[in-house]
There are 2 protein chains.
Amino acid sequence: MATLRDIAKLAGVDVSTVSRALNNSQRVRTELKEKIQKIAKKMNYVPNASAYSLKKRINRLIALVLPSIKFSGGEFYQEILRGINEFVEEYQFAILLSNYSGRNSAFVRVVRENRVDGGIIIGDIFNNNELKELDALNLPLIVVNQRVDFKLKNIIDVYSDNIMGAGILAEHLIKVHERKKILFIGGGEDYQTSQDRVKGFTKTITGKNIQYEITNGQFEQGPSSGYSIVKDMIKQKKFIFDAILAASDTLAIGAMRACFEERIRVPEDVSIVGYDNIQATNYFRVPITSVDPSALHMGQKAGEFLLKWVTEKTEPRERNLKVTPHLIIRKSCGCS
Amino acid sequence: MATLRDIAKLAGVDVSTVSRALNNSQRVRTELKEKIQKIAKKMNYVPNASAYSLKKRINRLIALVLPSIKFSGGEFYQEILRGINEFVEEYQFAILLSNYSGRNSAFVRVVRENRVDGGIIIGDIFNNNELKELDALNLPLIVVNQRVDFKLKNIIDVYSDNIMGAGILAEHLIKVHERKKILFIGGGEDYQTSQDRVKGFTKTITGKNIQYEITNGQFEQGPSSGYSIVKDMIKQKKFIFDAILAASDTLAIGAMRACFEERIRVPEDVSIVGYDNIQATNYFRVPITSVDPSALHMGQKAGEFLLKWVTEKTEPRERNLKVTPHLIIRKSCGCS
DNA sequence: CTGAAAGCGCTTACAG
DNA sequence: CTGAAAGCGCTTACAG
């Protein structure tokens, strides 16, 4: 690997001049600059990242933190990653992958080793204490997929408007398909996304003379959670419904299976809608209507803001970035 | 951030002594060593990664290269990532994410900047020229999910035995369910995994008096590809089959939909089996029998071998690591 | 415009 | 066992 010294020797100048030439400084004669740049190119010179970082205190590296040690979650994270990467590439940065589960996490280590200039951390289940600990790392940080309701010095949040998204779904069931008895299946109390979807649902139906029942499923369990809730509901005849709004697509998939088994026709007897717009919504005879939370867009916003923040070294003025979800109409709601 | 100098000042010794103490060198008085370590701990000292790298020429960082700019592919890559990460954490390394699509890729840049000590690159569609270019980077590299049939100085491969996996499926259809007319749906000529699955299929059925037809679907298209192939096959009555072996689960999902629509019962009339063991195989009334290629295990092997390789600086003796796939029996084959 | 020098924060061969 | 010095490959303030 060629270094500045090698180039300097060949060009017959000092390394400092080479450095200036390659950084396109005004203070080098154009002619000489071009000569040096040519030599560098011929030698395939690429600056050593460690030396650069050590001197400039810039790593051109951001951390991406996936939730829990498991890197689970599928397409959703990939979309966010794609969005982030657009800007990472544009700025010639790179992404360092790590995980966070408290003080001794890999993420904290790389931060304290000064490896990264900023971080993007995928949220949904951080509590205020954890957010404060993250803020204390003193690193520009963006939390994606979670609203942060109080002001933190080093944290910006980017999230999808789940209240709105659930509202759109409820509205669609009521206005377009004239449903009047809606079963809501939540994803768990720990998830802010689930809570917000509940909020959006109740907010939208109140005052509209709609009967409803709110049940609590579990995102992590996927279809089996939606399945057993709907089975129980039907068996026990606790609540007769003509529509199901599930807080995730996997819950909706389970719900739909339960309906089929009980000879309830979807969408004729019961409209079903999900949330997240995962691929699998297309895999069924009756494809599932859903809301796309715009994960790609969240990633783009996160990447854009973080990279501007760390390269311009000036704090962004907007600190709470909300992304708009979109209704994706398929057949399970009753549209054709 | 505390540096060695800060600690040295407090301890009243030279930085070199501090360095030795923190690296647990024999050549420091035990008493002094402990004193220094205590001070370092109190100051929350963490060594600066750039300085360390610059001096030692070790980055404690490996690159993970996902195929194409798209970071697509879902659960499969996540499983590999999880496996890799087990060893990355154990060795206190970190993962730098990048992508490769030829000479000017982000991956090549980070390698030339000396940022990483090794790389893991997820394959399946690299041709020999590309592999040679990668080899020329002169970096310990592991290709996952692709067999490399010729010897390369800097590349080891880790792959799942797709020939065996397809063989297991064919065997299961023939021996257990006594199927005699098998429709095979491939995933595309470009994919080594698909080619190997074809190979495993044909190898297993030859000489067993089995009728078969090999068709070519497309992995990227997913269910719609499997769907249209099966629809055509039924409509044109070209080949009457009592079993379908699809080279991926998404192809199998489409195939199953087509059967349902044509009032062909699965598994009574036709056995269907897929490959990859994705989550969605469980989402259906008739869950799909599949083969798990052991992505997690591939990741583990890749992580283990690469980290040993780069930390011990001695080339591994095994250079072609094959992982064993496993049959996951569900209902679509006819088992109950 | 160019060079010589200092320094980023480490490690380690060389003295003593 | 400990210190002083050199050096990894850069950047940049200081002279000239």
Side-chain angles (χ1 to χ4, degrees), chain A residues 1-37 39-40 43-61 92 109-117 311 313, chain B residues 1-37 39-40 43-61 92 109-117 311 313:
Chain A
M1 290 282 95
T3 68
L4 288 188
R5 278 188 76 193
D6 303 328
I7 298 171
K9 219 170 284 172
L10 266 189
V13 295
D14 189 81
V15 288
S16 53
T17 305
V18 177
S19 173
R20 289 191 195 99
L22 298 182
N23 287 307
N24 226 332
S25 157
Q26 311 290 0
R27 301 164 56 209
V28 182
R29 206 163 15 105
T30 321
E31 206 184 349
L32 181 57
K33 204 192 307 195
E34 280 166 2
K35 177 185 167 194
I36 292 173
Q37 286 171 348
I39 295 176
M43 298 181 79
N44 248 316
Y45 172 77
V46 178
N48 179 294
S50 310
Y52 179 88
S53 296
L54 182 57
K55 187 65 196 173
K56 294 268 281 184
R57 264 103 229 306
I58 297 171
N59 295 288
R60 302 202 310 275
L61 196 59
Q92 305 247 71
R109 202 186 76 232
V110 299
V111 172
R112 314 220 49 246
E113 289 173 338
N114 281 304
R115 279 179 186 255
V116 293
D117 303 324
T311 53
K313 309 222 167 212
Chain B
M1 289 282 98
T3 69
L4 287 190
R5 277 188 78 193
D6 303 328
I7 298 171
K9 218 170 285 172
L10 267 189
V13 296
D14 189 82
V15 288
S16 53
T17 305
V18 177
S19 174
R20 289 190 194 99
L22 298 183
N23 288 306
N24 226 332
S25 158
Q26 311 290 0
R27 301 163 55 210
V28 182
R29 208 161 14 103
T30 321
E31 206 185 349
L32 181 58
K33 205 191 310 196
E34 280 165 2
K35 176 185 166 194
I36 292 173
Q37 287 171 348
I39 295 177
M43 299 182 75
N44 249 316
Y45 172 78
V46 179
N48 179 294
S50 309
Y52 179 88
S53 297
L54 182 57
K55 186 65 197 172
K56 296 267 284 184
R57 261 104 230 306
I58 296 170
N59 295 288
R60 300 202 312 275
L61 196 59
Q92 306 246 71
R109 200 186 76 230
V110 298
V111 172
R112 314 220 49 245
E113 289 174 339
N114 282 303
R115 278 179 187 254
V116 294
D117 302 323
T311 51
K313 308 223 165 212

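The side chain of B/K56 lies closest to C/dT12 when the candidates are C/dT12, D/dC10, C/dG9. Across D/dA4, C/dG9, C/dG3, the shortest atom-to-atom separation from the side chain of A/R27 is found for C/dG3. Proximity note for B/T17 (side chain, C-beta onward) versus C/dC10, D/dG9, D/dT2: the nearest is D/dT2.
Comparing A/V15 and B/V13 by the nucleotide of DNA chain D that holds the closest heavy atom to each, the one mapping nearer the 5' end is B/V13.
Following rounding to the nearest Å, A/I58 (CD1) and D/dT11 (P) show an atom-to-atom distance of 11 Å. If you measure from atom CG of A/N48 to atom C1' of D/dT11, you get 13 Å, rounded to the nearest angstrom. One interatomic measurement links the two molecules: CZ of B/R5 to P of C/dT11, which rounds to 16 Å at whole-angstrom precision. One atom, CZ of B/R60, and another, C1' of C/dT11, lie 13 Å apart when rounded to the nearest Å. Protein atom CG of A/L32 is 9 Å distant from nucleotide atom C1' of C/dT2, rounded to whole Å. Summarising the geometry, the separation between CG on B/N114 and P on D/dC10 is reported as 9 Å, rounded to the nearest angstrom. Summarising the geometry, the separation between CZ on A/R29 and C1' on C/dG3 is reported as 13 Å, rounded to the nearest angstrom. Taking atom CE on B/M1 and atom P on C/dC10, their separation rounds to 11 Å, with Å as the unit.
Distance alone, capped at 3.5 Å, places no donor-acceptor pair between the A/R60 side chain and the A/A49 backbone.
Counting any heavy atom pair closer than 4.0 Å across all strands shown, B/S19 reaches a base atom.
A 4.5 Å side-chain heavy-atom check between A/N48 and B/E113 finds every atom pair outside the cut-off. Counting heavy atoms from C-beta on, the side chains of B/N114 and A/S50 never come closer than 4.5 Å. By the 4.5 Å heavy-atom criterion applied to side chains, B/V46 and B/M1 are not counted as neighbours.
Each of B/I39, B/L22, B/V18 was evaluated against B/Y45; a single residue qualifies, B/L22, per the side chain to side chain contact (heavy atoms under 4.5 Å, CB included) test.
Regarding contacts with the backbone of D/dT11, a side-chain N or O of A/N23 is found under 4.0 angstrom from either OP1 or OP2. Close to D/dG3, at under 4.0 Å from its OP1 or OP2, lies no side-chain N or O of B/S16. The shortest distance between the side-chain N/O atoms of B/Y45 and the OP1/OP2 oxygens of C/dC10 is below 4.0 Å.
Put simply, the side chain of B/K55 and the base of D/dG7 share a donor and an acceptor less than 3.5 Å apart. At a cut-off of 3.5 angstrom, counting only N and O atoms as typed in the model, there is no donor on one side facing an acceptor on the other between the side-chain of B/R20 and the base of D/dT2.
Pair assignment for D/dG3 gives C/dC14, based on Watson-Crick or G-U wobble hydrogen-bonding distances that are each under 3.5 Å.
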